[in-house]
Amino acid sequence: MSGNPIAPPWRVKMVEPIRMISRSRREQLLEEAGYNVFALAAEDVYIDLLTDSGTSAMSDYQWAGLLQGDESYAGSKNYYNLQQTVQQLLGFEYIVPTHQGRGAENILFQHLIEPGQYVVGNMHFDTTKAHIEVRKGKAVDLVADVTHDSQAHHPFKGNFDLEALDAFLADKGPEQVAFVLVTVTCNSAGGQPVSMANIRSVQEIARGHNVPVYMDAARFAENAWFIQQREEGYSDKSIPDIVREMFSYVEGCTMSAKKDALVNIGGFVALRDKDLYREVSRLAVVYEGFPTYGGLAGRDMEAMARGLKEIVDPDYLAYRIGQVAYLGKKLRDAGIPIVEPVGGHAVFVDGQKFLPHIPKEQFPAQALCIELYREAGVRGVEVGGVLAGRDPETGENIYPRLDLLRLTIPRRVYTNEHMDVVAQGLIAIGERRDQVRGVAFVDEPPILRHFTARFRLV
Ligand code: F0G
């Protein structure tokens, strides 16, 4: 964690070549892409830190599992393996596989949310919020205040504000609140963990108001690792024990297996209650597939089951989160402003602080994102003013408190030398930061503008 080198607990058996194209070619491609890195071909990116989702390297054990895919339409053996793994690891009796996390959100939320109801979270992920709103529900974020201070060192910046939660549930009551959703780690807050004490209290408070609690489990193992490292009473508990305790406080979960199940595609809903399972699996038939495959091939389910077993290995987690911390330390030591403390899957660079000469109207984090590709062939992603979009009522740009560049680290993919290249790139930009130019929209799509917008340099 402290930046001491931790060697990976695996060795490399197969490689995928990557290459750095010339600077002049990168300049040209940026121009062609309308200065939006989403429009770049992945092959033209040297180090791709766009997301940790679906980008993991699978192990030989997982690849071997692909060859044992049972592609029966109903009752595939891989489904039963997956079910058994989820029962043992997470403690849920019932599982519905889905094509990815948002597929799980879709079928669970359709059943749980009535129009007009609230869904209270620490900080909902974008697709989660979208699925709540598609159901005409209202997404509410009640993360603790400290989370909004990018420099505040708190061990669990994904925690709920428990007083606010209690007051909200008391005010609205169970008729108006569909459920509480705990996102671990809290991606939108920077991959920040939620403490066991906080999860437990959320459950107690919600039970007191007759409101069920679910978990968005995408990065559950990373959260468990932080609990083991940082929370009193957990340092001598095993990761699987911590994972089981975390899930013991909730009725079920949605899972994007593209993160902490170490697969390139997949997800699931896991549940305790048989009746609820029946309802949700009926919706799965409509939107995903028969409940024993849910939009996945048998082989995908096998890789997922195997990935779930590998993710709770403490050596893996120490290296994984150590690597994210390694990049964070390099940047911090070089005086580059990052969100503190570094979370589980990404390092966030503060665009406004790094490029103070660029006004927020010219999107400094987007400018930094462009510049990092130009400088080092590295693709990060803006999580700031461009992503935030416009207020639907006033049409004005929403400028979030933090305008960030997310450097998201895929699992088991890059070495620390790659992290050195990323850090070196940002350091080089820092030395000539005055020359970095802001951006303006050339083409601004009305919704989800960050994916397809085109810009020009100001
Ligand atoms: N929940 C969380 C916390 C997520 O981070 C994501 C995806 C999802 C749900 C949706 O899962 O992509 O499998 O449908 N996050 C990715 C990211 C896309 O880049 O942070 P999905």
Side-chain angles (χ1 to χ4, degrees), residues 37-38 42 48-56 96-109 119 121-134 139 141 143 147 157-158 160 179-194 199 214-224 226 246 250 252-270 284 287-288 294-296 300-301 303-304 307-308 311 324 339 343-348 369 379-384 386-387 404-411 413 448 450-451:
V37 296
F38 277 105
D48 202 349
L49 305 185
L50 192 60
T51 180
D52 65 326
S53 183
T55 52
S56 301
V96 187
T98 60
H99 76 283
Q100 61 183 75
R102 63 201 75 181
E105 290 164 357
N106 181 29
I107 58 174
L108 182 66
F109 294 4
V119 177
N122 37 354
M123 242 170 140
H124 296 297
F125 181 68
D126 316 16
T127 61
T128 317
K129 184 162 178 277
H131 276 294
I132 294 167
E133 289 170 356
V134 163
D141 290 343
V143 78
T147 307
K157 278 171 108 174
F160 275 78
F179 58 94
V180 176
L181 186 72
V182 186
T183 300
V184 294
T185 57
C186 192
N187 182 11
S188 307
Q192 299 291 335
V194 184
I199 299 172
Y214 291 85
M215 200 171 268
D216 177 338
R219 299 178 182 84
F220 73 95
E222 290 168 6
N223 199 85
F226 281 116
M246 279 167 55
V250 299
C253 70
T254 54
M255 173 74 185
S256 168
K258 298 171 74 172
K259 286 81 167 175
D260 274 358
L262 292 166
V263 287
N264 305 117
I265 196 73
F268 57 81
V269 179
Y287 294 98
E288 297 288 318
L296 294 173
D300 294 332
M301 292 189 283
M304 209 198 295
L308 283 170
I311 199 87
V324 181
V339 174
H345 66 296
V347 179
F348 290 75
C369 184
R379 173 159 68 174
V381 63
E382 193 252 20
V383 182
V386 176
L387 178 81
L404 304 171
L405 169 66
R406 183 178 86 166
L407 304 168
T408 337
I409 306 187
R411 295 169 182 78
V413 170
L448 296 175
H450 59 292
F451 288 126

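Keep in mind it's a predicted model, so treat the numbers as computed, not measured. Basis for what follows: all heavy atoms, side chains included, without hydrogens, waters or symmetry-related copies. We number each residue from 1, following the sequence as shown. Atoms within each ligand, like the ligands themselves, are counted from 1 in listed order.
In summary, Asp52 and Arg411 engage in a salt bridge, as defined by a charged side-chain N under 4.0 Å from a carboxylate O.
The atoms of ligand 1 that sit less than 4.0 Å from any heavy atom of Thr51 are 17 (C), 19 (O). Close approach to Gly101 involves these atoms of ligand 1, each under 4.0 Å from a residue heavy atom: 11 (O), 13 (O), 14 (O), 21 (P). Heavy-atom proximity to Thr183, at under 4.0 Å, picks out these atoms of ligand 1: 3 (C). The ligand atoms of ligand 1 that sit less than 4.0 angstrom from a heavy atom of Thr127 are 8 (C), 10 (C).
Between the CD atom in Gln100 and the CD1 atom in Ile265 there is a gap of 4.5 Å [rounded to 0.5 Å].
Ranking protein heavy atoms by distance to atom 8 (C) of ligand 1, first place goes to Phe125 CD2, 3.4 Å. With respect to atom 20 (O) of ligand 1, the closest heavy atom belonging to the protein is Asn187 ND2, 2.9 Å. Scanning the protein for heavy atoms near atom 2 (C) of ligand 1, the closest one is Asp216 OD2, 3.5 Å. Looking at atom 21 (P) of ligand 1, its nearest protein heavy atom turns out to be Gln100 NE2, 3.4 Å. Among all protein heavy atoms, the one lying closest to atom 12 (O) of ligand 1 is Arg102 NH2, 2.8 Å. With hydrogens left out, the protein atom closest to atom 9 (C) of ligand 1 is Glu105 OE2, 3.3 Å, a heavy atom. Scanning all protein heavy atoms for the shortest distance to atom 16 (C) of ligand 1 gives Lys259 NZ, 3.4 Å. At the shortest separation from atom 13 (O) of ligand 1 among protein heavy atoms lies Ser256 OG, 2.6 Å.
With hydrogens and angles left out, the side-chain atoms of Thr147 and Lys157 include no donor and acceptor closer than 3.5 Å.
In this structure a side-chain-to-backbone donor-acceptor pair under 3.5 Å is missing from Ser56 to Val263. Checked by atom type and distance alone, the side chain of Arg406 never pairs as donor or acceptor with a backbone atom of Val347 at under 3.5 Å. In this structure, Glu288 contributes its side chain and Pro97 its backbone to no donor-acceptor pair below 3.5 Å.
Counting heavy atoms from C-beta outward, Val269 and Ile107 have side chains that approach closer than 4.5 Å.
Within the 4.0 Å heavy-atom shell around ligand 1 one finds Arg406.
Here's the thing with Lys258: none of its N/O atoms is less than 3.5 angstrom from an N/O atom of ligand 1. Between Ala218 and ligand 1, no N or O atom pair is found at a separation short of 3.5 Å.
Using cut-offs of 30° and 60° on the angle between ring planes, the pair Phe38 and Phe451 is perpendicular.
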| query | Which is it for Phe220 and Ile311 under the side chain to side chain contact (heavy atoms under 4.5 Å, CB included) test, yes or no, and what are the steps along the way? | reply | CA-CA 9 Å; Phe220 73 95; Ile311 199 87; 3.7 Å; yes
| request: Any chance you could lay out the side-chain hydrogen bond (donor to acceptor under 3.5 Å, both in side chains) test for Asn187 and His345, step after step, and finish with the verdict? | output: CA-CA 8 Å; Asn187 182 11; His345 66 296; 3.0 Å; yes
